[in-house]
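Numbering of ligands and ligand atoms starts at 1, following listing order. The structure presented is a predicted model; accordingly, all values stated were derived computationally and were not measured.
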Amino acid sequence: MVERFTGSFTQQEPLPEEAIEAAVAVMRHGRLHRYNTAPGEVSEVALLEQEFAAMLGARYCLAVASGGYAIATALRALGVKAGDRVLTNAFTLAPVPGAIASLGAVPVLVGVTPQLTIDLEDLAAKADQAEVLLLSHMRGHLADMDALMALCDARGIAVIEDCAHTMGAAWHGKASGTQGKVGCFSCQTYKHINAGEGGLLITDDAEVAARAVLLSGSYMLYDRHAAAPGSEVFEGLRYETPNISGRMDNLRAAVLRPQVQRLPDQVARWNERYRKIEAGLRETPGLTLIDRPAKESIVGSSFQFLLEGWSADQLREVVAHCANRGVELKWFGAPEPVGFTSRYDHWHYAPVQKMPASDAVLAGLLDMRVPLTFSLEDCALVARIIRAEVTAVYQAT
Ligand SMILES: *Cc1c(COP(=O)(O)O)cnc(C)c1O
């Protein structure tokens, strides 16, 4: 009998009851806007910011409308202007170069290694081209952050971390998002906490935090923030910082707060599933797993592997055969953007750059989501199907 998988790769878990109750309470009192508070009340958004900052050990936190908005705000808060060049990953999702383009700034793409992290040699070679690196921990893979920060510190490059896939992860025991000057997170449904849409920005830099609060549209009500610097920091900035509205509301914050508290448990559940799939794919002929360094604490919310040196037709065959058996793989080598898998050469607003080493990695890269609605048995089945189909195509050639 041919085994088929019938689960959904896009189905997340329901929100915890506590989150649902908190949302209903906000709807009952009606004060959904973050600055609409009763006397003495601290808003859900301000509490979320405080709790998220405490969890990561960051000094300041700002909740906003989306992860992409958090990134664009971080770039603005660091003083990036139209025409400036910003270093960023060639392997990432479109909202990352998109945030740079939204300022009229210009992405300078840095290559990807077969470990799926930013190529530090390529970064060193391009370091004199920009003063900011927007570093995307794409698909949760952390580069050697000690080496990366040493390189960027030595070259005077400020680092913004895109932690859309690393909320809850760490490098060498230090939370992802706290290594660079600013860390940006997404609370969109497919990330690690789910508000539909939403973003979080953390920093230890008082001036960057104050600028971010003003940029997000604080209407000079910044004293209602519980995780922002004192009003003296805002004094010099309040007249020169434009209001580019992108606040989070109390309804979203209410559903996120209980999810922040249970994040460590969810991370453990993701990693059990990740390791199950990894174990099921070990020593599949022709298939390369991505080694996870000992210093990296992962969040296995998605899974990647390489079919190195395989032809485009073979890759297409594997994807099609797995799809027939209910396993949805995304291929980063496709000539046209499909769903979330666009490739750097699809971003025509970025100057064309030739990156043959990155092209070779992406040509063999397959990816899948691992939602927590999958049981461990589901994960073992998914791995068995991939293993069988990869082996079949491999042996046919
Ligand atoms: C989702 C995502 C973002 C942006 O988050 P949104 O909340 O969707 O704007 C940024 N970077 C990566 C790698 C992402 O996956």
Under a 4.0 angstrom heavy-atom cut-off, which atoms of ligand 1 come close to Pro95? 3 (C), 4 (C), 10 (C)

Could Asp122 and Lys126 be called an ion pair, given the rule that one side-chain N must be under 4.0 Å from one carboxylate O? yes

Looking at the rings of Phe374 and Phe5, which for Trp means the six-membered one, are their centres under 6.0 Å apart? yes

Does the distance from a Lys or Arg side-chain N to an Asp or Glu carboxylate O, for Arg211 and Glu240, drop under 4.0 Å? yes

Verify whether one side chain among His225 and Tyr35 offers a donor that lies under 3.5 Å from an acceptor in the other. yes

Write out the residue and atom name of the closest protein heavy atom to atom 8 (O) of ligand 1, then the distance separating them to 0.1 Å. Gln188 NE2, 3.3 Å

Nitrogen or oxygen atoms of Gly67 and ligand 1 under 3.5 Å apart: yes

Are Arg262 and Asp265 within salt-bridge range, i.e. N to O under 4.0 Å? no

For the 3.5 Å polar cut-off, considering only N or O atoms, please tell me whether Asp162 and ligand 1 meet it. yes

Has His137 got any heavy atom lying under 4.0 angstrom from an atom of ligand 1? no

Can you tell me the protein heavy atom closest to atom 15 (O) of ligand 1 and the distance? His165 NE2, 2.6 Å

So is Ser186 polar-close to ligand 1, meaning N/O to N/O under 3.5 Å? yes

Below 4.0 angstrom, N of the basic side chain to O of the carboxylate: do Arg325 and Glu389 qualify? yes

Note the single closest protein heavy atom to atom 1 (C) of ligand 1, along with its residue, its atom name and the distance in Å. Lys191 NZ, 1.4 Å

If you count the atoms of ligand 1 from 1 in the order shown, which ones are under 4.0 Å from a heavy atom of Leu93? 14 (C), 15 (O)

Start with the C-alpha distance between Met138 and Asn89, add both sets of side-chain angles, then the distance that settles side chain to side chain contact (heavy atoms under 4.5 Å, CB included), and finish with yes or no. CA-CA 8 Å; Met138 178 63 169; Asn89 305 58; 5.5 Å; no

Which residue and heavy atom of the protein sit nearest atom 9 (O) of ligand 1, plus the separation: Gly68 N, 2.7 Å

